[in-house]
Amino acid sequence: MRDPLSVLTDAFTSFLFGKVETTRLPVRTSTGQAQAVYLPTAAPGLGDSGVIIGREVYSGKGYIYDPFQLYGQQLPAPHWLVLGESGNGKSALEKTYVLRQLRFRDRQVVVLDAQGEDGVGEWNLIARELGITPIRLDPMAALDHGIRLNPLDPAITTTGQLALLRTIIEVAMGHSLDERSGFALKVAHAYVNETIVERQPVLMDIVEQLRHPEPESAEAMNVAIDDVRAWGLDVALVLDRLVDGDLRGMFDGPTTVGIDLDAPLIVFDLSHIDRNSIAMPILMAIVGVWLEHTWIRPDRKKRIFLVEEAWHIINSPFVAQLFQRLLKFGRRLGLSFVAVVHHLSDVVDGSAAKEAAAILKMASTRTIYAQKADEARATGRVLGLPRWAVEIIPSLTPGIAVWDVNGNVQVVKHLITETERPLVFTDRAMTESSADHELADDALRAAELEAEERAAAFVEQHLGDSESTVA
């Protein structure tokens with residue numbers, strides 16, 4: 001026990017000068033031991049305003065992301081690139097993200113749905129749940145009064161119509177139009193727009209005018225009428241494919257009445273189109289320009305344009321340039337472009353490498369699901385990911401991804417609610433029993449736990465066990 005005099009002295013000193021704090025001596029320990037003594041700190045999140053994605057794996061914190069909320073100080077552009085091999089959760093992420101965004105009244109989404117089964121697109125169930133009819137572009141259905149989109153729709157500006165016609169032709173031909181062919185197309189388009197006023201002009205009007213140009217067209221440039229006809233022959237043959245070829249019925253008539261461009265969700269179902277044919281980039285070009293001139297408006301709405309199988313766009317230089325122009329609307333009119341790609345090599349090694357690089361540069365958000373080690377290293381080099389993130393990408397389990405939001409890199413587990421599950425996992429919802437769901441959930445939880453343990457071990461190993469002095 002302390003003697004009474006010491007106790008009295010301490011009490012008197014505390015009364016005069018306040019309580020005297022003791023100084024803790026330094027503790028010499030290792031990093032491995034220090035993580036138990038001193039609680040770790042988590043990387044800062046992206047704020048608490050927006051759409052919840054799931055939770056950050058290492059800290060357990062909720063992970064919230066919204067390009068419209070982050071745009072400005074934290075995000076220079078609202079565009080988003082999603083990468084990963086099939087079966088790892090890209091589709092589930094896209095669908096829940098859209099469903100959660102649509103809870104905001106000022107959001108509107110367009111989806112180009114290039115995948116599907118049982119004769120319908122992958123987004124069919126979500127569209128039906130929301131009371132929306134997908135715009136199904138199908139050559140066979142189009143012949144039987146199906147959906148049509150008219151490249152010469154009066155809702156598209158004259159300049160936009162001509163740009164769209166050029167893009168269609170260049171995609172189909174695989175090279176740029178020369179000056180003479182471009183002139184023949186221009187004069188044919190101008191004549192059709194000037195003379196056909198009682199109805200919507202259609203592609204067949206352009207084809208006929210290219211085959212039989214007006215003498216005034218030749219006189220304007222002081223050339224022979226046969227020369228103008230010869231210059232436009234290849235152009236007419238390409239457009240004839242949309243009128244009387246394998247793509248007939250979809251673009252060779254007036255735009256179908258009743259397409260609701262004010263609906264919160266617009267789904268273009270492209271699942272009946274061969275993804276490896278020239279038809280796909282032609283479709284993408286027509287849909288892209290049609291949306292640019294009819295959908296994107298300065299009305300303060302925040303719009304999301306989600307494209308699956310996006311390498312079909314970026315691999316065509318002409319279509320990639322068109323979508324580059326669309327991306328620039330992100331800042332001026334509030335458009336977020338979401339491109340879903342299986343492998344980065346699909347686009348960076350393609351014929352449109354220059355255009356692909358420009359589009360990738362505009363995407364300030366990148367989400368990378370599991371990839372093979374070689375692909376992960378290539379992705380890391382192109383996107384500038386930190387080494388630790390590249391190392392763990394091959395070991396990621398379904399539903400877990402590396403998120404890079406303008407340099408803020410975190411590992412995030414995507415969470416799906418019970419309400420969303422039957423809409424997201426469409427095939428499982430139709431074929432699995434409740435017992436199957438329970439078994440699948442147990443297996444998923446076990447895989448997640450194993451992945452988190454491996455990740456923690458990896459971080460500890462790379463931090464090392466070097467001795468350090470901690471105050």
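- A donor-acceptor pair is defined here as one N or O able to donate and one able to accept, closer than 3.5 Å; no such pair exists between the side chain of Ser181 and the backbone of Leu177.
- Using a 4.5 Å heavy-atom cutoff, the side chains of Val338 and Ile304 are in contact.
- Salt bridge present: Glu418 and Arg421 bring a charged side-chain N and a carboxylate O closer than 4.0 Å.
- In this structure, Arg300 CZ and Leu333 CG are separated by 11.5 Å, a value rounded to the nearest 0.5 Å.
- With Asp113 contributing its side chain and Ser271 its backbone, the two residues share no donor-acceptor pair below 3.5 Å.
- In terms of modelled atom types and a separation under 3.5 Å, the side chain of Asp66 and the main chain of Gln69 share a donor-acceptor contact.
- Distance CD1/Ile368 to CD1/Ile392: 10.0 Å, rounded to 0.5 Å.
- Below 30°, between 30° and 60°, or above 60°: for Trp80 and Trp403 the angle between ring planes is between 30° and 60°, a tilted geometry.
- The shortest non-hydrogen separation linking Thr96 to His414 is OG1-NE2, 2.7 Å.
- For the pair Val402/Ile393, a side-chain contact is recorded, criterion being any heavy-atom separation below 4.5 Å from C-beta on.
- Between the CG atom of Leu152 and the CG atom of Asn193 there is a distance of 6.5 Å, given to the nearest 0.5 Å.
- Closest non-hydrogen pair, Ala401 versus Leu396, comes out as CA-CD1, 4.0 Å.
- A distance of 9.0 Å separates NE2 of His343 from OG1 of Thr379, quoted to the nearest 0.5 Å.
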Stepwise side chain to side chain contact (heavy atoms under 4.5 Å, CB included) test for Leu130 and Ile126: CA-CA 6 Å; Leu130 297 177; Ile126 289 178; 4.2 Å; yes
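- Checking side-chain atoms of Asp404 against main-chain N and O of Arg366 turns up no donor-acceptor pair under 3.5 Å.
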Could you walk me through whether Tyr369 and Leu83 pass the side chain to side chain contact (heavy atoms under 4.5 Å, CB included) check? CA-CA 6 Å; Tyr369 283 90; Leu83 291 168; over 6 Å; no
Does the side chain to side chain contact (heavy atoms under 4.5 Å, CB included) test come out yes or no for Ile169 and Leu185, once each step is laid out? CA-CA 10 Å; Ile169 295 162; Leu185 176 64; 3.8 Å; yes
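- Sparse packing is recorded around NZ of Lys186, with 12 or fewer heavy atoms of other residues, nucleotides or ligands lying under 6.0 Å away.
- A heavy-atom distance below 4.5 Å is found between the side chains of Thr158 and His189.
- Residues Asn124 and Pro134 share a closest heavy-atom pair of OD1-CG, 3.8 Å.
- Here the side chains of Arg107 and Ser336 are not in contact, with every heavy-atom distance at 4.5 Å or above.
- A distance-only check finds a donor-acceptor pair linking the side chain of Arg100 to the backbone of Ile52 [under 3.5 Å].
- Other residues, nucleotides and ligands place no more than 12 heavy atoms under 6.0 Å from the CG atom of Asp48.
- The distance from atom CG of Asp260 to atom CD1 of Ile132, rounded to the nearest 0.5 Å, is 8.0 Å.
- Contact between Pro67 and Gln101 at its shortest, heavy atoms only, is CD-NE2, 4.2 Å.
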Determine, stepwise, if the pair Trp123 / Leu112 fulfils side chain to side chain contact (heavy atoms under 4.5 Å, CB included). CA-CA 9 Å; Trp123 286 76; Leu112 297 192; over 6 Å; no
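- In summary, the side chains of Asn406 and Ser364 do not present any donor paired with an acceptor at a separation below 3.5 Å, with no hydrogens or angles considered.
- In this structure, Glu94 does not pair ionically with Lys90, as no charged nitrogen and carboxylate oxygen lie closer than 4.0 Å.
- Between the Gln108 side chain and the Ala263 main chain, a donor and an acceptor come within less than 3.5 Å of each other.
- Atom CD of Glu129 has 12 or fewer heavy atoms from other residues, nucleotides or ligands within 6.0 Å.
- Judged as a salt bridge (charged side-chain N to carboxylate O under 4.0 Å, His left out), and not counting sequence neighbours, the contacts of Glu292 are Arg325.
- A side-chain donor-acceptor contact under 3.5 Å links Gln161 to the backbone of Ile156.
- For the pair Lys413 and Glu56, the salt-bridge criterion is not met [side-chain N within less than 4.0 Å of a carboxylate O].
- Side-chain contact check for Leu423 versus Leu99: some heavy-atom pair is nearer than 4.5 Å.
- Pro422 and Leu125 get closest at one heavy-atom pair: O-CD2, 3.4 Å.
- Distance check: Leu70 CG to Thr365 OG1 gives 7.5 Å after rounding to the nearest 0.5 Å.
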Should Gln410 and Asn408 be marked as a side chain to side chain donor-acceptor pair (under 3.5 Å) after you check the CA-CA gap, both sets of side-chain angles, and the distance that decides it? CA-CA 7 Å; Gln410 300 192 43; Asn408 185 326; 3.0 Å; yes
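- Two residues are said to be in side-chain contact when any heavy atoms from C-beta on lie closer than 4.5 Å; Phe68 and Asp106 fail this criterion.
- Considering all non-hydrogen atoms of both residues, Ile266 and Ile135 come closest at CG2-CD1, 3.8 Å.
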Intermediate values then yes/no, salt bridge (Lys or Arg N to Asp or Glu O under 4.0 Å), Glu420 and Lys95: CA-CA 9 Å; Glu420 294 167 332; Lys95 291 174 180 175; over 6 Å; no
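- Aromatic ring pairs are classed by plane angle as parallel below 30°, tilted from 30° to 60° and perpendicular above 60°; the pair Tyr65 and Tyr97 is tilted.
- Proximity of a side-chain donor or acceptor of His342 to a complementary backbone N or O of Glu85 within less than 3.5 Å is not detected.
- Two residues are said to be in side-chain contact when any heavy atoms from C-beta on lie closer than 4.5 Å; Leu203 and Pro151 meet this criterion.
- Judged by the 6.0 Å distance and 45° axis criteria, Arg303 is positioned over the aromatic ring of Trp295.
- Counting heavy atoms from C-beta outward, Val307 and Val110 have side chains that stay 4.5 Å or more apart.
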